[in-house]
Protein chains: 2
Amino acid sequence: MADVAAKAGVSRALVSIIFRGQPGASEETRQRVLRVADEIGYHPDSAARLLARGRSRTLGVMFTVHQTFHADLISGIYPEAERLGYDVLLSAATYDRSEAKAAEALLSHRCEALILLGPEAEAGYLDELGRRAATVSVGRRVPRARVDFVHSAEGKGVHQAMEHLVELGHRRIVHIDGGRSPGSAERRRAYRAAMRRHGLEAEVRVIPGQHTEESGIESGRLFLAERDQGQALPTAVLAGNDRCAWGLLMALTRAGVDVPRDVSVVGYDDSHLSHLMPIGLTTVRQDATLMAEHAVRFAVERLENPELEAREAVLDPKLVVRGTSGKAPETTA
Amino acid sequence: MADVAAKAGVSRALVSIIFRGQPGASEETRQRVLRVADEIGYHPDSAARLLARGRSRTLGVMFTVHQTFHADLISGIYPEAERLGYDVLLSAATYDRSEAKAAEALLSHRCEALILLGPEAEAGYLDELGRRAATVSVGRRVPRARVDFVHSAEGKGVHQAMEHLVELGHRRIVHIDGGRSPGSAERRRAYRAAMRRHGLEAEVRVIPGQHTEESGIESGRLFLAERDQGQALPTAVLAGNDRCAWGLLMALTRAGVDVPRDVSVVGYDDSHLSHLMPIGLTTVRQDATLMAEHAVRFAVERLENPELEAREAVLDPKLVVRGTSGKAPETTA
DNA sequence: TACACAGACTAGAGCGCGCTAGTAGAGCGC
DNA sequence: GCGCTCTACTAGCGCGCTCTAGTCTGTGTA
């Protein structure tokens, strides 16, 4: 920067002003400085910039690798952050890299705010994060914590899905849940409520699962094993999310079970692949772009006003009927 | 930091020493300082740290959202970077965020080295990046540029796949390529060579495609449309990568074409999902973990010795035969 | 006793910027 | 000529840390 200033015959301060795009420099000087900078190959160093102004204007996003829906969210976060003048840094949680590690990395790189995509860490830790930085959780409610929350109305989504299945004549509807994954508890609850509402308490069955393909496959195998022992297959399965639904679909198809003739399958997310499946996945759409925009806005607003109470954005999900749900087979149960 | 020092009754310098884990502080003081820091909630600020020591010890990784194989690579990058004492920052290219933007973000955050996963930007720009920072390209060769290169031997992989198909009796083997995507050119070349070697020049057919599910679906539709006009389906398809193979699979299955009875499909990558497909995708495995480790090591070695010539690591891929490839149908062509 | 030496610790410069408080000079009205 | 305002620009402190070059003590050695 000093070099640029020297070569352009101005002070460092003016170079700074120009690179920040602030008023206070003549158009002529501006052009000259920019040209010189380009020649020298000068790029402002954001570590120093960061240090100098108190603020980093950087949002940290924690996501989980392989979660398709997170990819959808990330695509939505960038443009909104840019619109509001913020930088974005990503940090991934993986099989052997904990969410805490991912979050700490972001924090130590001076992210002012954290956007956590489907965090599964314990509530206490998330609350701690909320105190250390403006924090937004997408998909996971963190009760009584200083953390904003963006999600879709899981209950409504499940409600729509269940109405759809019941209307198609299904009664033996099983739910594969998402374990401790964000949103799972609420989906589970809504499933139970719907079953009860339709007088199907006796049929309620929740299979412990996860939001992964593997989990769907495992559940599929379980159903098939049961069938081989004379038990009837469920006529419909409400999966914890799209990935799980996909795994289930794979397992069933592979075993010659026809979806939706024999079994209907409904997912959750409408992640970017679900319309690509063999017959198009019936699923509950969460609008990733909208959720991302809300998350970014929450983070920024909280930065501008740290006193804000923890807020919540609930977006309405929408059932998307595609090919994996159909009329219930003649039931013998 | 000053607070911690004051409260613990030592100098800032000593606190620094302790937080860097350097020798030069008694065990007793060390414990005391760490305890005080914990009470105050002090975390070292890496922007300042970064600025102070010339080096950031941070690797920047650029990837493309939704590329499953990139997720596999990222999972492998973290542990290796940590082992070598480096931090990792991610930046994603998306539909409307260019690779250049993603890379600049990393650079301006002081990443010392860039690891580009499957970059598609023009060679000139990559070369420029190579001059600005230690740069490693994974999957894409950048001739005559100051960029290290990690990839698998595309030729060998395709070779194996083609031998496999030919042995199964296939002759009408079509290749959906990956356009400008990394590795595509080489795969395309190897496909042509293999066809020629087996006297199948006349059957050579390369369909312009991309490394996306959509591309596979499109190609599938094309084949089906041709069939409806009386043309024969290919008996085998070598897709550009797994995602493309998957899309193709979906399109064919949806139309009632039986894989592998009617058409065999072979992918490329062995990305984390390919064994989960309905019948398990026959594909060419690239070892993501190994590739990631090489990439990190290249980056670090180049940082330690900037004079190093651009290097290349070629890993041997391996055909993984699963369920999507089978004997060629009785040919009428 | 004198001296070297290692271990524990500190003072203070400086990393590359942003920002506040300023100056210099031009233009204007009286 | 004066004071005023406005634009274009600058001096220099400080952000939170690292690192070099020390100081000071206590211990071993000639």
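All chains are named by letter (A, B, ...) in the order of the sequence lines, taking the proteins before the strands, and each is independently numbered beginning at 1.
With hydrogens and angles disregarded, no donor-acceptor distance shorter than 3.5 Å links the side chain of R302(A) to the backbone of V147(A).
Taking 4.5 Å as the limit, some side-chain heavy atom of H151(A) sits within range of a side-chain heavy atom of V314(A). In this structure, L126(A) and T135(A) have side chains that are not in contact, with every pair of non-hydrogen atoms separated by 4.5 Å or more.
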For this session: Start with the C-alpha gap between Q67(B) and R243(B), add the side-chain angles, then the distance that decides, and say whether side chain to side chain donor-acceptor pair (under 3.5 Å) holds.
Result: CA-CA 8 Å; Q67(B) 281 293 7; R243(B) 293 179 65 196; 3.0 Å; yes
For this session: Could you check R97(A) against S91(A) for side chain to side chain donor-acceptor pair (under 3.5 Å), going step by step and ending with a plain yes or no?
Result: CA-CA 10 Å; R97(A) 185 171 191 256; S91(A) 186; 3.1 Å; yes
Problem set entry | Residues E186(B), R140(B); criterion salt bridge (charged side-chain N to carboxylate O under 4.0 Å, His left out); working and verdict | CA-CA 10 Å; E186(B) 224 176 314; R140(B) 157 89 174 279; over 6 Å; no
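A salt bridge does not link R146(A) to D127(A): none of the charged nitrogens lies less than 4.0 Å from a carboxylate oxygen.
Looking at residues two or more places apart in sequence or on another chain, you find a salt bridge (charged side-chain N to carboxylate O under 4.0 Å, His left out) between R55(B) and E112(B).
With a cutoff of under 4.0 Å to any heavy atom of chain A, the contacted region of DNA chain C is bounded 5' to 3' by dG16(C) to dC19(C).
In this structure, the CD1 atom of I40(B) is 15 Å from the C1' atom of dG16(D), given to the nearest Å. The distance from atom CG of D45(A) to atom P of dC17(D) is 17 Å, rounded to the nearest whole Å.
Residue M1(B) is classed as a base contact, given a heavy-atom separation below 4.0 Å to a base. Backbone-only contact: R110(A) has heavy atoms under 4.0 Å from sugar-phosphate atoms and none from a base.
For DNA chain C, the stems formed by at least three consecutive Watson-Crick or G-U pairs, with both atom-pair distances below 3.5 Å, span C:1-30 with D:1-30.
Screening residues 34-81 of chain A for ring-ring contact (aromatic ring centres under 6.0 Å, His included) gives F19(A)-Y42(A), H66(A)-H272(B) as the qualifying pairs, with residues at least two apart or on separate chains. Counting only residues at least two apart or in different chains, ring-ring contact (aromatic ring centres under 6.0 Å, His included) contacts with residues 84-141 of chain A are absent.
The number of heavy-atom neighbours closer than 6.0 Å to CZ of R180(B), taken from other residues, nucleotides and ligands shown, is 12 or below.
Taking every heavy atom of residues 8-28 of chain B and every atom of DNA chain D, pairs under 4.0 Å involve R12(B), A13(B), S16(B), R20(B), by number.
Across the interface with DNA chain C, nearest-nucleotide mapping of R30(B) and R53(B) shows R30(B) to be the residue nearer the 5′ end.
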